[in-house]
Amino acid sequence: MSTRDIVVFVGSLRRDSFNRRLALALSRLAPAGFRFSLLELGDLPLYNQDDDANQAAPVQRLKAQIKAADGLVFVTPEYNRSIPGVLKNAIDHASRPYGQSAFPGKPAGVIGVSVGAIGTALAQQHLRNVLAYLDVPTLGQPEAFLQAKDGLFDADGNIGSDSRKFVQAWVDAYVAWVNKHAG
Ligand SMILES: Cc1cc2nc3c(=O)[nH]c(=O)nc-3n(C[C@H](O)[C@H](O)[C@H](O)COP(=O)(O)O)c2cc1C
């Protein structure tokens, strides 16, 4: 089997982001043959429709990475009960110009960690709305809402023992989802 390239959107630019740590830990739970790469979202300009005909280099890079990918993973915090602007900005860029979206048909998974008890549930639901419009087939179950607590990550950056089985089950379901949609 050839390598499946998965690009990962992390909705936080924070240096010590829990979601970035989660994204890195997820990549270690993926089986052989799957390669997870974190996308750079911090150098994207703010989306401006005036620039559609002349997209900036970071936007062109983002779109090329998405188009070349076999699957997408969104690892997002919840900001004010929705997705962070950083993530929405990236999605808006990659969806344009009209008719030239990078997204259609790319199988996706959504996961996130927040300090709040609902563990990004509302942000994920908003994101699912956006992805449905973009024609991105998104894994429905299992859902994964993680709360940032001591022990979620171990000293090596892996998922801690209490949550590892749960997160591994999510990764396994996501991998099966990507394989199911592979061309
Ligand atoms: C602007 C802002 C809005 C936030 N809103 C929420 C929220 O709606 N729900 C929640 O559970 N946590 C919220 N938080 C707290 C985040 O869960 C917390 O900052 C988390 O660490 C962000 O993820 P990160 O560690 O990947 O940066 C908010 C944080 C910020 C900065």
Side-chain angles (χ1 to χ4, degrees), residues 6-30 34-48 58-59 61-62 65-66 69 71-95 103 106 108-134 136 138-175:
I6 307 301
V7 292
V8 184
F9 292 74
V10 178
S12 172
L13 302 180
R14 195 169 74 85
R15 198 177 312 109
D16 298 321
S17 163
F18 294 121
N19 285 278
R20 178 167 293 273
R21 288 164 70 183
L22 175 59
L24 294 171
L26 290 177
S27 66
R28 298 188 197 166
L29 297 177
F34 271 70
R35 183 168 51 212
F36 282 49
S37 311
L38 273 56
L39 294 166
E40 175 61 60
L41 306 184
D43 62 354
L44 297 169
L46 282 178
Y47 178 77
N48 179 340
V59 177
R61 179 199 66 218
L62 175 73
Q65 288 173 304
I66 295 169
L72 319 173
V73 171
F74 293 85
V75 188
T76 188
E78 181 170 286
Y79 276 8
N80 300 315
R81 299 287 181 252
S82 187
I83 57 173
V86 163
L87 179 56
K88 185 62 162 54
N89 187 55
I91 292 172
D92 290 344
H93 273 301
S95 70
F103 287 113
K106 300 284 178 186
V110 174
I111 191 168
V113 50
S114 73
V115 297
I118 61 168
T120 74
L122 287 170
Q124 290 191 35
Q125 208 56 46
H126 278 185
L127 179 56
R128 286 177 183 280
N129 233 34
V130 174
L131 296 177
Y133 174 70
L134 294 173
V136 170
T138 305
L139 177 70
Q141 296 291 340
E143 297 173 306
F145 308 128
L146 298 171
Q147 188 175 17
K149 283 186 172 165
D150 284 349
L152 177 60
F153 302 102
D154 68 18
D156 298 320
N158 298 308
I159 302 294
S161 54
D162 286 355
S163 303
R164 196 170 304 154
K165 202 171 151 200
F166 175 75
V167 176
Q168 183 70 66
W170 184 89
V171 171
D172 293 347
Y174 173 72
V175 162

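Both ligands and their constituent atoms are indexed starting at 1 by order of listing.
Atom CZ of R164 has more than 12 heavy atoms from other residues, nucleotides or ligands within 6.0 Å.
The protein heavy atom nearest to atom 15 (C) of ligand 1 is V115 CG2, 3.7 Å. Annotation: atom 8 (O) of ligand 1 to nearest protein heavy atom, R81 N, 2.8 Å. For atom 27 (O) of ligand 1, the closest heavy atom belonging to the protein is S12 OG, 2.7 Å. Considering only non-hydrogen protein atoms, atom 25 (O) of ligand 1 sits nearest to R14 NH2, 2.7 Å. Looking at atom 2 (C) of ligand 1, its nearest protein heavy atom turns out to be Y79 CD1, 3.7 Å. Looking at atom 12 (N) of ligand 1, its nearest protein heavy atom turns out to be E78 O, 3.6 Å.
The aromatic rings of W170 and Y174 sit parallel, their planes meeting at an angle under 30°, below the 60° perpendicular limit. Aromatic ring pairs are classed by plane angle as parallel below 30°, tilted from 30° to 60° and perpendicular above 60°; the pair F153 and F18 is parallel.
There is no protein heavy atom less than 4.0 angstrom from atom 19 (O) of ligand 1.
By the 4.5 Å heavy-atom criterion applied to side chains, L131 and V110 are counted as neighbours. The shortest side-chain heavy-atom distance between L127 and L87 falls under the 4.5 Å cut-off.
For D172, there are no salt bridge (charged side-chain N to carboxylate O under 4.0 Å, His left out) partners at least two apart in sequence or on another chain.
A salt bridge is defined here as a Lys NZ or Arg NE, NH1 or NH2 lying under 4.0 Å from an Asp or Glu carboxylate O, and D43 with R61 meets this definition.
Listed by atom number, the atoms of ligand 1 under 4.0 Å from P77 heavy atoms are 22 (C), 23 (O). Counting atoms of ligand 1 from 1 in the listed order, those under 4.0 Å from a heavy atom of G116 are 11 (O).
Taking each of L122, N19, I118, L13 in turn, the one with a heavy atom nearest to atom 23 (O) of ligand 1 proves to be N19. Considering only non-hydrogen atoms, atom 5 (N) of ligand 1 lies nearest to N80 out of N80, D16, V86.
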Original post:
Can V10 and L41 be said to form a side-chain contact (heavy atoms from CB on, under 4.5 Å), step by step?
Top reply: CA-CA 8 Å; V10 178; L41 306 184; 5.8 Å; no
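Polar contact check, F18 against ligand 1: a nitrogen or oxygen pair lies under 3.5 Å apart. Polar contact check, S114 against ligand 1: a nitrogen or oxygen pair lies under 3.5 Å apart.
With D156 contributing its side chain and N158 its backbone, the two residues share no donor-acceptor pair below 3.5 Å.
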